[in-house]
Amino acid sequence: MAVITERHLVAVTACVSGVAHTYMAAERLEKLCQQEKWSVHIETQGALGVENELTDDDIRRADVVLLIADIELAGSERFEHTRYVKCGINAFLRDPQRVMGAVRKMFSAPQHTQLILD
């Protein structure tokens with residue numbers, strides 16, 4: 001009998017202005033993860049600075065990291081040794097299922113695999 005473990009995702013969302021799109025992407029991702037029954041911890045980097053900051057332990061425990069950003073992320077070096085998917089905010093908001101499909105594929109990818117979506 002196979003044991004299915006819950007998937008754990010961590011993410012960072014950040015847009016150029018650091019206002020609407022940063023939080024819209026975080027909210028959409030939260031809903032998608034609920035549908036998938038994945039746990040998710042989302043850091044936002046916006047006009048108010050870094051909120052809900054990911055800890056080293058959060059990142060280490062994550063099955064996959066999702067970076068949804070149109071700007072250079074503060075602390076991006078934290079993700080160098082992780083399995084991650086990176087995409088722009090608009091790409092995620094326009095076609096979240098494409099991004100989530102890439103995340104699903106990453107669950108079985110080797111550690112340090114990094115995928116950048118256009």
Side-chain angles (χ1 to χ4, degrees):
M1 184 165 160
V3 176
I4 299 175
T5 59
E6 182 181 283
R7 298 295 187 179
H8 179 66
L9 211 66
V10 296
V12 180
T13 63
C15 69
V16 175
S17 67
V19 187
H21 289 99
T22 295
Y23 301 102
M24 285 171 53
E27 188 176 306
R28 171 89 48 93
L29 179 59
E30 210 165 72
K31 288 178 182 174
L32 290 166
C33 286
Q34 284 176 346
Q35 291 172 356
E36 296 283 349
K37 296 184 176 31
W38 299 341
S39 67
V40 65
H41 183 160
I42 305 168
E43 172 181 306
T44 56
Q45 295 186 14
L48 300 175
V50 175
E51 296 177 280
N52 207 19
E53 187 170 3
L54 298 171
T55 66
D56 290 340
D57 190 50
D58 292 329
I59 296 165
R60 193 173 23 263
R61 287 187 19 237
D63 293 306
V64 176
V65 174
L66 179 54
L67 305 173
I68 305 171
D70 290 335
I71 60 170
E72 186 65 36
L73 295 173
S76 62
E77 68 281 351
R78 300 175 290 169
F79 309 109
E80 288 175 355
H81 301 290
T82 66
R83 184 185 297 129
Y84 74 72
V85 174
K86 184 175 184 179
C87 69
I89 291 258
N90 288 330
F92 177 73
L93 292 174
R94 266 194 323 270
D95 194 358
Q97 292 307 323
R98 176 177 177 249
V99 176
M100 297 306 277
V103 169
R104 276 187 218 92
K105 289 178 184 174
M106 290 297 275
F107 287 134
S108 59
Q111 195 63 11
H112 303 200
T113 301
Q114 299 167 347
L115 176 62
I116 299 173
L117 301 175
D118 293 331

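What you are looking at is a predicted structure, and each value in this text was computed from that prediction instead of being measured. Any value given below was found using the heavy atoms of this structure, including those in side chains, with hydrogens, waters and symmetry copies removed.
With hydrogens and angles disregarded, a donor-acceptor distance shorter than 3.5 Å links the side chain of His41 to the backbone of Asn52. Judged purely by atom type and a 3.5 angstrom limit, Arg83 uses its side chain to pair as donor or acceptor with the backbone of Ala109.
To the nearest 0.5 Å, atom CD of residue Gln111 and atom CG of residue Asp63 are 9.0 Å apart. For the atom pair OG1 (Thr44) and CD (Glu53), the distance works out to 10.5 Å, reported to the nearest 0.5 Å. Atom CD1 in Ile71 sits 6.0 Å away from atom CD in Gln45 (nearest 0.5 Å). A distance of 12.5 Å separates CG in Asn90 from CG in Asp95, rounded to the nearest 0.5 Å. Of the inter-residue distances, the one linking Leu115 atom CG with Met106 atom CE reads 5.5 Å to the nearest 0.5 angstrom.
The shortest non-hydrogen separation linking Glu80 to Gln114 is O-NE2, 3.0 Å. Between Ala102 and Leu117, the shortest heavy-atom distance links the atoms CB-CD1, 4.0 Å. The nearest pair of heavy atoms linking Val99 to Cys87 is CG2-SG, 3.9 Å.
Two residues are said to be in side-chain contact when any heavy atoms from C-beta on lie closer than 4.5 Å; Trp38 and Val103 meet this criterion. A 4.5 Å side-chain heavy-atom check between Met100 and Gln35 finds every atom pair outside the cut-off.
In this view, His81 and His112 satisfy the ring pair (Phe, Tyr, Trp, His ring centres under 6.0 Å) rule, not counting sequence neighbours.
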Under 3.5 Å, which donor-acceptor pairs do the side chains of residues 17-34 form with other protein atoms, sequence neighbours left out?
residue: Thr22; atom: OG1; partner: Cys15; partner atom: N; Å: 2.9
residue: Tyr23; atom: OH; partner: Glu51; partner atom: OE1; Å: 2.5
residue: Arg28; atom: NH1; partner: Leu93; partner atom: O; Å: 3.0

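Hydrophobic clustering places Phe107 together with Val40 (ILVMFWY residues linked when any side-chain heavy atoms are closer than 4.5 Å, directly or through intermediates).
Annotation for Leu73: hydrophobic cluster partners, listed by chain and number, are Val10, Val12, Leu54, Ile59, Val65, Leu67, Phe79, Tyr84 (ILVMFWY side-chain heavy atoms under 4.5 Å, direct or chained).
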